[in-house]
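Notes for the one structure printed next.
Sequence lines set the chain letters: A, B, ... in the order given, protein chains first and strands last, and positions in each chain run from 1. What you are looking at is a predicted structure, and each value in this text was computed from that prediction instead of being measured.
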Amino acid sequence: MSTAVMQRLTLVAPSSESDRLTRALMWLRCVEVETADPDELGLTRASCDDERNELTRRASMLQSAIATLSEYKTSKKKLFSGRLAVERKRFDADVDKPLKVALETNAASSRIAELRAQKNKKQNDITSLDPWRTHDVPLEFEGTGDTRLTLGILPVSTPLDDIRAGMPEEADGLFEITEISRDERSVYVAVWQHVSCGTRIDRALSAYGFSKVEFRDLRGAPSEAQERLRGEIKEIDRRRSELEAELKEAAEGIAELEIAYDVTKTSLACAEAKQRYLRTESTVYLSAWVPRERIKAVVSELERFECWYDFSDPTEDDQPPVLLNNNAFARPFEGVVAMFSLPRYGSFDPTFIMSIFYFVIFGLMLADVGYGLILTLGCLLLLKLMKPQGGMKQLMQMFMVCGVSCTVAGAAFGSYFGDLIDTVSGNLVGSSFRMPALLNIVENPMAFLYISLGVGLLHLFTGMGIKFYVLCREGKVFSAIFDIGSWYVLFIGIGLIFLVPSVGKWVALAGVAMLVLTQGRAEKNPVMKLLKGVLSLYGIVSYLSDFLSYSRIMALGLASAVIASVVNQVGVMGGFVGIVVALMIGHTLNLAINLLGSYVHTSRLQYIEFFGKFFEDGGRPFAPVAPDMKYTEISDLN
Amino acid sequence: MSEIINAVFTGQNLAIFGAALAVALSGWGSAKGVGLVGQAADGLLSEDPNKFGKTLVLTALPATQGIYGLITAFMIIIKIGLFGTPVELTVTQGAVLFFACLPIGLVGLGSAIHQGKVAAAGVSLIAKKEGELGKAITNAAMVETYAIFALLVSLLIIILTKVG
């Protein structure tokens, strides 16, 4: 019921063993290396920046190659592709070959991008040459010794004759302007002039909006140049498809790159751990946290090395990391606790008790045999096929477990896809058949409300009970009795008023008296003592709002039942086909909405109403040095 | 004139008016709320399209009020027998059903918009810290509490009212 007990491991090993030792500890996944303080011991930090930089570079190289190759992969990817099963010894082997493939792939990929850019440029050149096709002079020709040839564009609005007439008189007969072609906006012209004209004609022309056109890299007459460019584009296409064929072939071996990526990332994880070591000339020193029940495994691994080690309890100043440690049923619910906050190290771990309430409340909110079975079987299937890891795996396992409680609650309330059987048999067969039920929540919602509030009362009382236990464990027995016990007495008294009014009244009053007399005990002034005591009664408002908050169980449970019944009602109007469509679309939608709602609101009841009573937050998650695997899993786990 | 009033304000019509109001108000709120989150989500997606799945959950949160309104309306439609043989309602009974729709209609409208604002802020939270989706959802769900209570009261009044 407490977070896992941690032990501090202090270890000194020869530098030559540092690598192998780190790897061995990594595979155990239960050693969190602390960043050691070099000044305290007068040692220097073991720097492995070079190794880390190199590994990071390799990882990003492999990653971009994998991204490139997965685009060229022709063999169909399976919808639910699991991870590659890889033997552990692969993680010690070198990755030179896949690295070479990655290097080639990245080179080919950037070459393809380059070719694509070249092709674009050439295509633009071809288009820009189109208006000049009838101009049969080589593009590089700029004139003879005495003449100068300029190509350019004029706006279509000014007739060429006007321009000719508008030229300076002294240039008369020394220049010629000919139209090559025109489109809606522009006239493409060639301007011949005698060198003696200087820049006069240019200036006059620019007044008419003339702009010069130059083809720097192109040679030969425009139509020839276009032909040549087309030939070059063909060559570019050929080289590109050659490269693409190579990549397609390489893509078949993408698995090797994926393995190499995981191997590299795993080595990087080791290097990150080694970064935190301290060193002397020939030894390394490290300080780490190990969960107590894993010490045996760590010791048997360490025995294989030449090293000195010691385990010790955490001191007062230490802040050990927090690892939740629960049974198989409660483990999937650890994610719900972690989402709120991890409990402080050594404080009460509520996961197991919470998981029971989570299971019950979730089942009541989504009480339906059909939905429950879909949830359980669906999650089971996804877990088998997708093999998710980490938080996703936990969430699916949790929904799989909660599907069971939905099914049980659904059977109790006679809900099978809502009132599907009832509606269908009534409308299509003629005689409506009712599934047996302990309680029909739509017809008797008040009973459901009492159940919801009853679960809530139990939940709240358990939360208070945990606080009672925690206070007692800390030796504050009086605090437990005064701060929690008084409320118990008061609430039990209020409950008794409804059953045995004569007794209940007095029990409740005893509770009130306990509160008034004890809640001001921290004050010195007797008036303040009394005042504080009386004011503490105001706390009943917050307890009441917590209690009524559980009516949401009934509201959400009723909502999913009513939506399901609406879906069925609308469905039967469409006859047999309507039923099928209603089942497929309507119930999927209802399940999705209420799954989200149940998840969110069950969590909320834990966080606000339950955890609020006792939870001590602020734990730092346990982060052991571990292999970093994205694509693979180990096939020979020992 | 009194003929018109008598024809319009029958028990049946009052109940239908309530059902229409429940759907319209809560649907209006949800449309506004979902719209707010959707805009924020698109902003995030322009930078990182991979977060679509995460933003979708937040976008869906303010949609529930509209659904609660729909449930309420359907409960009334079933109650007054529009699917089969219409149930005779007195004006008082119709008025009670009408009043029953006010909680989910009004609270649905308000809470969906405010939930939308919180969820939109949640989108910027996951833009910066991807792992904090759970907290963003929980905060947005706090607002929904009041829509749930409103639905609860609406449904209880409808179910517990005896008609016909």
Side-chain angles (χ1 to χ4, degrees), chain A residues 335-341 365 390-392 395 419 423 426-427 441-446 448-449 452 545 548-567 569-570 572-573 589-590 592-608 621, chain B residues 23 30 53-54 56-79 81-84 103-104 107 115 119 122 130-161:
Chain A
V336 176
V337 178
M339 196 166 98
F340 181 71
S341 164
M365 282 186 183
M392 197 60 188
L395 193 68
D419 55 356
T423 315
N427 280 272
I441 56 171
V442 181
E443 283 165 12
N444 194 356
M446 289 315 285
F448 191 26
L449 183 62
S452 304
S545 76
L548 290 178
S549 183
Y550 287 87
S551 63
R552 81 182 66 224
I553 300 177
M554 177 248 180
L556 287 167
L558 206 57
S560 61
V562 171
I563 299 178
S565 119
V566 168
V567 165
Q569 284 275 351
V570 175
V572 286
M573 290 180 192
L589 209 65
N590 189 20
I593 293 162
N594 282 293
L595 181 60
L596 180 63
S598 305
Y599 169 59
V600 168
H601 287 284
T602 312
S603 301
R604 180 230 137 97
L605 287 175
Q606 311 292 349
Y607 296 162
I608 314 290
Chain B
V23 172
S30 278
K54 294 200 159 164
L56 190 66
V57 180
L58 285 170
T59 317
L61 280 178
T64 38
Q65 281 85 347
I67 296 165
Y68 296 156
L70 184 74
I71 300 171
T72 310
F74 263 101
M75 286 298 277
I76 289 193
I77 289 171
I78 292 168
K79 186 92 179 173
L82 277 193
F83 278 118
I104 190 56
V107 181
Q115 192 178 20
E130 204 173 344
E132 303 295 359
L133 176 65
K135 286 170 185 146
I137 294 177
T138 310
N139 275 339
M142 297 297 244
V143 186
E144 184 156 313
T145 302
Y146 306 100
I148 294 178
F149 290 162
L151 172 70
L152 189 69
V153 171
S154 288
L155 286 186
L156 282 180
I157 298 174
I158 295 169
I159 293 172
L160 298 178
T161 301

Task: Contact leader toward chain B among A:P445, A:G335, A:S565, A:A592, where contacts are heavy-atom pairs under 4.5 Å - done: A:P445
Open item on the list: Under a 4.5 Å cutoff for heavy-atom pairs, which residue among A:I608, A:V562, A:V336 has the most contacts with chain B?
Closed with: A:V562
About how many Å separate [atom2] of [Y] and [atom1] of [X], when rounded to the nearest 0.5 Å?
| X | Y | atom1 | atom2 | value |
| --- | --- | --- | --- | --- |
| A:M339 | B:L133 | CE | CG | 8.0 Å |
| A:M554 | B:L155 | CE | CG | 7.0 Å |
| B:Y68 | A:L556 | OH | CG | 5.0 Å |

Task: Residue part contacting chain B, namely of A:V570, when any heavy atom lies under 4.5 Å - done: side chain
TODO: Side chain from CB out, backbone as N, CA, C, O: work out which of these in B:L156 comes under 4.5 Å of a heavy atom of chain A, or both, or neither.
DONE: side chain
Task: Side chain / backbone / both / neither for B:I67 at chain A, heavy atoms under 4.5 Å - done: side chain
TODO: Could you please state which residues from residues 594-603 of chain A sit under 4.5 angstrom from chain B, measuring non-hydrogen atom to non-hydrogen atom, sorted by number, or 'none'?
DONE: A:L596, A:V600, A:H601
Open item on the list: Could you check whether any side-chain heavy atom of A:L558 comes within less than 4.5 Å of a side-chain heavy atom of B:M75, counting everything from C-beta outward?
Closed with: no
Open item on the list: Measuring only between side-chain heavy atoms, which start at C-beta, is A:M446 closer than 4.5 Å to B:L160?
Closed with: yes
Task: Where A:A559 and B:L151 come nearest, the two heavy atoms and their spacing - done: CB-CD2, 4.2 Å
- [ ] Taking heavy atoms only and a threshold strictly under 4.5 Å, list by residue number the residues of residues 140-150 of chain B that touch chain A; give 'none' if the list is empty.
- [x] B:A141, B:M142, B:E144, B:T145, B:I148, B:F149
Task: Verdict with supporting geometry, B:T64 and A:I593, side chain to side chain contact (heavy atoms under 4.5 Å, CB included) - done: CA-CA 8 Å; B:T64 38; A:I593 293 162; 4.1 Å; yes
